[in-house]
Amino acid sequence: MKKTVFFGAVSAAALVAGAASATTLEDVKERGKLNCGVTTGLVGFAAPDANGNWEGFDVALCRAVAAAVLGDPNAVEFVPTTGKTRFTSLASGEIDMLARNTTWTFSRDNDLKFEFTGINYYDGQGFMVPKDLGVTSAKELDGATVCIQTGTTTELNLADFFRKNNISYEPVPIETNGEAQQQYLAGACDAYTTDASGLAATRATFETPGDHVILPEIVSKEPLGPLVRHGDNEWGDIVRWTLNALVAAEELGVSSANVGEMSASAGDSPEINRLLGTEGNLGEMLGLENDWAKNAIMAVGNYGEVFEKNIGQNTPIGLARGLNAQWTDGGLLYSPPFR
């Protein structure tokens with residue numbers, strides 16, 4: 001019953017905010033900065049470095065949108081949110097967009113009145129356990145205590161998985177990934193469950209990552225992506241096509257290293273010309289300058305660059321592209337045409 005009340009409250013707030021914020025683009029331009037909701041800290045995806053500068057895969061999308069709209073990837077105010085506070089922050093207008101490992105679901109799209117603007121990471125829920133627990137499958141976790149973030153899709157997925165396999169568990173509710181890490185390492189729970197990418201990112205911060213195992217089962221589909229408020233169509237288009245620009249740039253061979261040269265004059269590829277603004281008026285259609293996509297790519301690189309820099313196989317997190325490879329390489333990554 002509590003969940004229904006919460007959904008309804010956020011839904012009502014979202015309707016009000018959505019109606020009042022049809023000029024988010026103008027608000028951001030007038031403010032001179034983008035307010036972007038991120039996680040409270042997940043290395044590789046969104047976390048402040050030693051100097052307090054936010055870095056990560058999701059952070060890069062925020063910076064790309066700021067570069068596209070304001071011409072400055074540093075014109076971003078990063079607002080840390082938890083699984084519980086993220087939707088209220090977006091619905092209330094505290095943030096302009098949410099880029100925080102958030103799963104696109106039916107109820108979030110419709111009942112909570114949010115607009116998902118694409119998928120920037122195809123994921124699935126997994127389990128991590130200490131190696132000395134001697135467990136090789138999630139199906140062997142009968143009676144286990146499991147750390148789980150509240151206000152997330154993982155709660156329902158966890159219950160479904162254990163019920164389906166006729167085994168029991170005891171949930172250990174936590175608010176943030178940082179708290180989960182502390183509780184898990186302190187032995188307060190036998191296993192930690194969240195998106196597999198989050199498990200890899202968390203394990204990478206451990207003093208001895210090899211002492212912990214991510215079990216083979218992936219128990220859900222978790223299409224993660226940025227979102228805005230319903231009724232915010234113009235702004236939603238900007239966030240959507242900025243993400244698409246990074247994806248298309250990788251497919252078309254445009255990178256942070258060559259985008260300046262390629263945009264200096266029209267080349268032989270009409271789609272690249274349209275993407276970089278040397279041909280056509282796609283920027284005008286978004287209410288932006290024609291070099292909006294060039295600025296975004298120059299600021300953070302194409303999708304492949306963002307992936308490899310923050311979470312790729314040469315980072316401590318060590319994620320393979322998998323489903324997040326370009327469609328031409330057997331993955332699911334695919335941008336609609338720029339025309």
Could you tell me whether the side chain of [X] and the main chain of [Y] form a donor-acceptor pair under 3.5 Å?
X    : Y    : value
T152 : T150 : no
N110 : F106 : yes
N290 : G283 : yes

Mind telling me whether Y184 and F206 have parallel, tilted or perpendicular rings, with 30° and 60° as the class edges? parallel
What I want to check is whether the side chains of E305 and S255 have a donor and an acceptor closer together than 3.5 Å. no
Answer yes if the side chains of T85 and T88 hold a donor-acceptor pair under 3.5 Å, and no otherwise. no
Enumerate the residue pairs fulfilling side-chain hydrogen bond (donor to acceptor under 3.5 Å, both in side chains) with a member in residues 29-48, sequence neighbours excluded, ordered by first and then second residue. R31-D96, K33-E77
Pairs satisfying side-chain hydrogen bond (donor to acceptor under 3.5 Å, both in side chains), at least one member in residues 47-69, at least two apart: D58-N120, R63-N74
Salt bridge (Lys or Arg N to Asp or Glu O under 4.0 Å) partners for E250, two or more places apart: R321
Non-neighbouring partners of [X] that pass side-chain hydrogen bond (donor to acceptor under 3.5 Å, both in side chains), sequence neighbours left out:
X    : result
N101 : none
S269 : none
T176 : none
T208 : D211

Under 4.5 Å between side-chain heavy atoms, chaining through other members, with only Ile, Leu, Val, Met, Phe, Trp and Tyr counted: pull out the rest of the cluster around V172, sorted by chain and number. none
Once ring-ring contact (aromatic ring centres under 6.0 Å, His included) is applied, do any residues pair with W292, and if so which ones, sequence neighbours excluded? none
Partners passing ring-ring contact (aromatic ring centres under 6.0 Å, His included) against F307 (at least two apart in sequence or in another chain): none
So the ring-ring contact (aromatic ring centres under 6.0 Å, His included) pairs with at least one residue in residues 311-332 (sequence neighbours excluded) are W327-Y334
Pair listing, ring-ring contact (aromatic ring centres under 6.0 Å, His included) test, anchored in residues 162-181, at least two apart: F162-Y169
Please confirm whether the ring centroid of F87 lies under 6.0 Å from the ring centroid of F114. yes
